[in-house]
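Proteins get letters first, then strands, A, B, ... in listed order; numbering begins at 1 in each. Treat the numbers as computed from the prediction; the structure is a model and nothing was measured.
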Amino acid sequence: MPKYDSQKVEKKWQKKWLEEKVYEPDLKNPKKPFYNLMMFPYPSAEGLHVGNMYAFTGSDIYGRYQRMRGNDVFEPIGLDGFGIHSENYALKVGTHPMEQAKVSEKRFYEQLQAIGNGFAWDEHLETYDPEYYKWTQWIFTQMWKRGLAYRKKQRVNWCPKDKTVLADEQVEGGKCERCGSVVEKRELEQWFFRITAYAEKLLQNIEKLDWSEKVKIAQRNWIGRSEGALLKFPVMGSKLSIEVFTTRPDTLFGATYMVLAPEHALVLELKEKISNWKDVEKYIESSKKKTEDERIAEGKEKTGVELKGVKAINPANKEEIPIWLADYVLSGYGTGAIMAVPAQDERDSEFAKKFKLPIRTVIEPITGEPRTDESERAGIVAIVEDPKTGKILSLDWRDGGGVLFVGGGIESGEDLIRCGVREIIEETGYKNLKFISSTETIHHHFHAFSKNKNRYMHAIGLYFQLENEEREKERLEDHEKDKFIVGWITKDEAESKVKDAMHQYIFQKLIRGKCYSGPGLLANSGKFSGMDSEKAKWEITKFVGGEKKIQYRLRDWLISRQRYWGPPIPMVYCEACAKENKGEQKEMPGWFAVLENELPVELPKVKDFRPQGKGESPLASVKDFYETTCPGCGGKARRETDVSDTFLDSAWYYLRYLDPKNEKEVFDKKIIKKWLPAEMYIGGAEHAVLHLLYVRFIAMVFHDLGLVEFDEPFKRFRAHGLLIKEGAKMSKSKGNVVNPDEYIKKFSADVLRMYLMFLAPFDQGGDFRDAGILGIERFLNRTWKLYESEGKKNKTSPAFHRAVKKVTEDIESLHYNTAISALMILLNEFEKEGIAPEEKVGFVKLLAPFAPHMAEEIWREVLGHKTSIHKEMWPEYDEKLIKEESFTLVIQINGKVRASVEVPIDISENRAKETALGNERVCALLDGKELKKVIYVPKKLINIVV
RNA sequence: GCCCGGGUGGCGGAACUGGCAGACGCGCAGGACUCAAAAUCCUGUGAUCGCAAGGUCGUGUGGGUUCAAUUCCCACCCCGGGCACCA
């Protein structure tokens with residue numbers, strides 16, 4: 001038998017698989033269709049990243065396994081080649097994106113071949129192929145026809161480096177997701193998709209999806225549904241009123257002022273009445289100029305200006321309240337105005353404190369949480385005695401906010417009750433809770449404590465910081481010093497004691513509760529006082545004539561990009577029609593979709609494809625491109641010159657895969673019906689709210705257009721983890737990107753595949769270090785050797801059946817690392833015990849998804865089969881054979897393992913106990929001791945308590 | 001600040017509904033083979049005390065529940081990811 005030459009063998013099978021069409025299911029007539037989708041990559045032309053390979057391998061193992069389960073697995077591949085990412089690369093290397101795309105495509109596809117995935121190459125597609133983007137544009141026209149695409153002037157995110165607008169989803173912490181530049185705000189007219197129309201459905205459907213939980217949570221948060229009320233606050237001496245959205249209408253009586261976003265339209269309407277207009281104007285200007293970054297740099301420091309001369313009326317208590325302008329209120333959310341309830345809202349509270357606005361408490365916590373009382377704030381030391389250990393613990397509360405023991409000290413027990421300390425004491429069982437003050441305020445408190453010692457507490461001791469020892473001794477001279485001073489601790493000791501759990505508990509409850517924003521009982525709220533806040537919400541809404549309202553955080557999808565490398569938006573604007581108010585949509589005169597038979601609107605090859613930076617695409621200076629005729633009147637018209645967001649390309653690619661060469665239709669409905677929704681979709685968690693939300697949205701629109709029957713495209717979605725390199729994220733800037741090619745050359749694709757999967761659980765990601773790769777190489781070499789040797793055993797072992805079970809279950813749950821470990825254990829067993837014929841067949845099948853090349857080589861060349869192993873049936877295991885006949889009974893004494901004996905699996909409890917108590921070692925250890933209890937856990941252990 | 005993950009030997013990681021912590025692999029040490037090295041094979045490998053039998057400690061920290069806690073409860077600390085003034 002020849003030595004295993006991985007390089008040759010892998011190339012041989014990759015070629016053969018293509019010839020034999022092993023991975024090409026019959027798309028039109030599948031028996032058991034199984035769509036195994038993987039997020040397609042953006043080709044960066046530097047080549048395939050080992051991180052891509054990690055993800056692809058994980059998906060492929062699953063696909064290969066499903067194929068061996070008798071499914072017609074469809075595992076397509078393509079390139080998400082349009083977009084800023086690819087365009088920027090082209091700019092960097094100075095090649096035209098169209099040329100660069102060809103280069104990247106070749107390179108990527110070669111690499112994707114080399115990793116040994118079972119891709120259906122016949123159906124490959126590229127988003128920059130006119131045959132593809134023809135349909136991307138067609139989708140745009142469908143959106144338009146359904147009223148889901150519209151133009152709007154809005155403050156949008158502008159990336160100064162990429163010179164284009166960005167969707168909200170593409171801005172991370174005020175910076176461009178791609179290049180990291182600080183995003184600016186620009187007022188531009190742009191195309192949007194009305195994704196908000198589907199907010200509720202996008203949210204509701206999440207429940208029925210079998211998706212990674214973290215992705216579901218991220219989507220829920222992104223959609224951000226909240227239930228509240230719309231309330232109107234009349235402006236004094238005018239017919240105008242300010243409408244606000246609030247989730248807490250129950251706090252209306254505590255609304256002591258209002259805030260409008262600086263962009264709020266009402267400000268201009270009130271201009272005449274505002275006495276300090278200059279200041280107001282200045283504030284508006286300055287907040288307009290502020291970039292996101294500046295806002296973040298300011299932190300949460302509130303700024304604002306009062307609209308002097310105007311007042312609003314609180315509809316609940318008819319109180320006149322001031323109106324402010326502040327940028328902590330966002331124009332894009334709710335109505336762009338709020339009612340401020342500083343007593344019950346953290347942000348309002350901050351603002352009110354800074355600008356000295358009145359604060360009125362309207363919600364009292366039911367459980368006795370602390371009240372905020374600004375005026376009474378100082379440091380406190382609490383001394384607590386643990387009732388069990390008698391240990392004295394202490395805590396220095398400095399600058400706390402919670403509270404009342406200070407200044408006036410504790411006047412009565414009611415104070416304690418009010419702040420909830422008693423509940424805490426009772427709850428925790430710390431009965432002897434004592435409080436004393438810090439050194440600064442000691443005299444004050446000393447008296448208070450002495451006086452109150454027979455009430456809810458009494459002081460037993462005072463701890464002082466060591467450095468003040470002398471001073472404090474002096475100060476205490478007059479008091480009952482000896483009785484109270486129990487010890488001295490250093491500052492460090494005091495600080496370490498702060499960490500004590502009991503204190504932290506109190507700390508949480510008393511000090512950190514800044515301003516109370518939870519539910520409770522209403523106070524200072526007229527006839528609603530005393531009512532439960534939940535109930536009061538709708539009662540008060542009704543009382544002031546407000547209406548219930550559901551608000552979403554989700555905003556419409558900004559689809560235009562002022563770049564070159566994307567599908568031109570297939571719209572035409574006719575000025576003449578606009579003047580006559582003609583057009584396809586009433587709200588948008590002059591606009592027409594390009595006719596279907598004129599699609600695609602081809603992206604012209606222009607020399608200067610550089611972004612312009614004027615809020616216009618490079619296409620805006622290509623006359624040949626934008627000059628066209630109006631589909632409405634036939635006159636001169638101008639094409640839209642923006643291109644669409646890359647995420648539109650990837651929002652429907654999975655549909656096109658099934659019929660990529662269809663020239664007549666976007667896809668074949670019959671085929672779609674057979675294959676979708678997809679059984680499995682695997683991809684990166686970084687797309688949790690971008691791609692994965694858009695793709696669902698487009699599917700829903702297709703559903704409503706009657707194009708598809710499903711309204712969710714993927715039954716299962718699993719996010720893979722992130723592959724990092726020696727503890728750090730792989731990135732070009734760090735220069736630690738690992739190229740799989742060299743590893744494939746040095747070892748083999750099989751070795752690299754298995755190594756990547758063995759690193760860590762697939763959904764967790766892993767740390768790529770060269771260190772462990774030898775282990776996998778050895779494993780595969782030993783496997784090869786095993787098949788070289790003659791089997792001398794005939795009977796299939798239970799170990800084999802156990803391994804089949806383990807590997808099967810692990811692949812299904814994507815726990816590839818433990819599946820591989822099970823294969824290793826089995827190999828160890830075979831090397832020791834020999835391998836039976838059935839095991840020889842089974843083992844190589846178990847290996848096939850992980851190391852497809854070697855498995856095929858063994859299957860065909862060594863075992864002499866004519867057809868591919870990858871179309872063989874997955875081995876079955878026999879539950880009966882897995883059952884053990886005996887088990888190791890562990891004998892514990894007081895929870896510690898003292899002995900173990902091998903006993904039959906069906907041993908009775910009594911018999912087991914007898915065995916345990918009869919054990920020599922146990923007898924010796926138990927000698928003379930009285931048995932208190934014997935616990936028997938079937939098939940596990942016996943614990944003898946003495 | 002909020003929401004998700006996570007914290008286990010020298011390292012990557014394993015441990016089902018609480019039941020022998022450290023599977024599997026890497027690394028390391030010792031041995032075999034070899035003139036030698038590599039490769040391969042065998043043995044050992046959490047810490048600590050002990051000549052040994054064996055004992056003690058040990059899953060981020062501090063508490064708790066339990067016959068028994070990596071696993072459950074409370075609080076805290078740290079790391080990774082996401083969101084971030086969303087009323």
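Taking 4.0 angstrom as the limit, A/Asn817 places a side-chain polar atom (N or O) nearer than this to OP1 or OP2 of B/rA14. Using a 4.0 Å cut-off, some side-chain N or O of A/Lys933 falls inside it from OP1 or OP2 of B/rC67. Taking only side-chain nitrogens and oxygens, A/Arg220 never comes nearer than 4.0 Å to OP1 or OP2 of B/rC4. Between A/Gln764 and the phosphate of B/rG13, there is a side-chain N or O to OP1/OP2 separation shorter than 4.0 Å. A close approach under 4.0 Å does not occur between any side-chain nitrogen or oxygen of A/Arg769 and OP1 or OP2 of B/rC11.
For A/Thr888, the side-chain atoms get nearest to B/rC20 when compared with the rest of B/rU40, B/rC4, B/rC20. Nearest to the side-chain atoms of A/Val945 among the listed nucleotides B/rC20, B/rC67, B/rA23 stands B/rC67. Of the candidate nucleotides B/rA15, B/rA87, B/rG27, B/rG27 has the atom lying nearest to any side-chain atom of A/Arg778. Nearest nucleotide to the side chain of A/Tyr333, out of B/rA87, B/rC57, B/rC26: B/rA87. Proximity note for A/Leu941 (side chain, C-beta onward) versus B/rC4, B/rC20, B/rA87: the nearest is B/rC20. Considering only the side chain of A/Arg553, B/rC83 comes nearest among B/rA87, B/rC83, B/rG19. Side-chain proximity of A/Val897 to the nucleotides B/rC24, B/rU40, B/rC20 is greatest for B/rC20.
Summarising the geometry, the separation between CZ on A/Phe758 and C1' on B/rG13 is reported as 8 Å, rounded to the nearest angstrom. The distance from atom CG of A/Leu693 to atom C1' of B/rC83 is 14 Å, rounded to the nearest whole Å. If you measure from atom CD of A/Gln219 to atom P of B/rC83, you get 13 Å, rounded to the nearest angstrom. Here the C1' atom of nucleotide B/rA23 and the CZ atom of A/Phe779 are 15 Å apart, to the nearest Å. One atom, CZ of A/Arg802, and another, P of B/rA23, lie 17 Å apart when rounded to the nearest Å. The distance between atom CZ of A/Arg753 and atom P of B/rG25, rounded to the nearest whole Å, is 21 Å. Between the C1' atom of B/rC83 and the CH2 atom of A/Trp222 lies a distance of 8 Å, rounded to the nearest Å. What separates CG of A/Leu774 from P of B/rA39 is a distance of 8 Å, to the nearest Å.
When each of A/Met824 and A/Glu831 is assigned the nucleotide of RNA chain B bearing its nearest heavy atom, the one mapping closer to the 5' terminus is A/Met824. Sequence order on RNA chain B of the closest nucleotides to A/Glu213 and A/Gln551 puts A/Glu213 first from the 5' end.
One P atom belongs to B/rG7, the other to B/rC73, and the distance between them is 15 Å to the nearest Å. As rounded to the nearest Å, B/rA21 and B/rG82 have C1' atoms that lie 33 Å from one another.
If you check every strand for non-hydrogen atoms under 4.0 Å, A/Val937 touches a base. Base contact: A/Asn943 has a heavy atom under 4.0 Å from a base atom. Backbone-only contact: A/Lys896 has heavy atoms under 4.0 Å from sugar-phosphate atoms and none from a base. The residue A/Arg782 sits close only to the backbone: its heavy atoms come under 4.0 Å of sugar-phosphate atoms, none of a base. At the heavy-atom level, A/Ile935 lies under 4.0 Å from base atoms of the strands shown. As judged by a 4.0 angstrom heavy-atom cut-off over every strand, A/Lys940 is placed among the base-contacting residues. Nucleic acid contact for A/Gln892: base, since at least one base atom lies under 4.0 Å from a heavy atom of the residue. Within 4.0 Å (heavy atoms only), A/Arg898 reaches sugar-phosphate atoms of the nucleic acid but no base atom. Using a 4.0 Å heavy-atom criterion, one finds that A/Ile338 contacts the bases of the nucleic acid, with or without backbone contacts as well. Counting non-hydrogen atoms under 4.0 angstrom, A/Ile825 reaches the backbone sugars and phosphates but no base. Contacts of A/Asn828 with the nucleic acid, taken as non-hydrogen atoms under 4.0 Å apart, involve only primed sugar atoms and P, OP1 or OP2.
Using bins of under 30°, 30° to 60° and over 60° for the plane-to-plane angle, the ring pair A/Tyr816/A/Phe850 lands in the perpendicular bin. Under the 30°/60° scheme for interplanar angles, the aromatic rings of A/Tyr743 and A/Phe768 are found to stand perpendicular. Ring geometry for A/His687 against A/His691 counts as perpendicular: the plane angle is over 60°, on a 0 to 90° scale with 30° as the lower cut.
Nucleotide B/rA47 forms a Watson-Crick or G-U wobble pair with B/rU56, both donor-acceptor distances falling under 3.5 Å. Across all strands shown, the partner of B/rU40 is B/rA32, judged by Watson-Crick or G-U wobble contacts whose two distances both fall under 3.5 Å. Nucleotide B/rA69 forms no Watson-Crick or G-U wobble pair with any nucleotide shown, as no partner meets the under 3.5 Å limit on both distances. Figure legend. B/rA15 is base-paired to no nucleotide; pairs are counted as Watson-Crick or G-U wobble with both atom distances under 3.5 Å. Nucleotide B/rC83 forms a pair with B/rG1, judged by Watson-Crick or G-U wobble geometry with both contacts under 3.5 Å. The pairing partner recorded for B/rC26 is B/rG10, the criterion being a Watson-Crick or G-U wobble arrangement whose two distances lie under 3.5 angstrom.
Nearest heavy-atom pair across A/Gln219 and A/Trp211 is NE2-CZ3, 4.1 Å. Nearest approach of A/Tyr333 to A/Ser226, heavy atoms of both residues: OH-OG, 3.0 Å. Across A/Ala760 and A/Gly765, no two heavy atoms sit closer than the pair CB-O, 3.0 Å.
In B/rG46 the O4'-C1'-N dihedral to the base is more than 90° from 0, which defines an anti nucleotide.
With a 6.0 Å cutoff to the six-membered ring centre and a 45° limit on the axis angle, A/Lys302 does not count as a cation-pi contact of A/Phe351.
Atom NZ of A/Lys354 is surrounded by more than 12 heavy atoms from other residues, nucleotides or ligands within 6.0 Å.
Salt bridge status for A/Glu809 with A/Lys805: present, with a side-chain N to carboxylate O gap under 4.0 Å.
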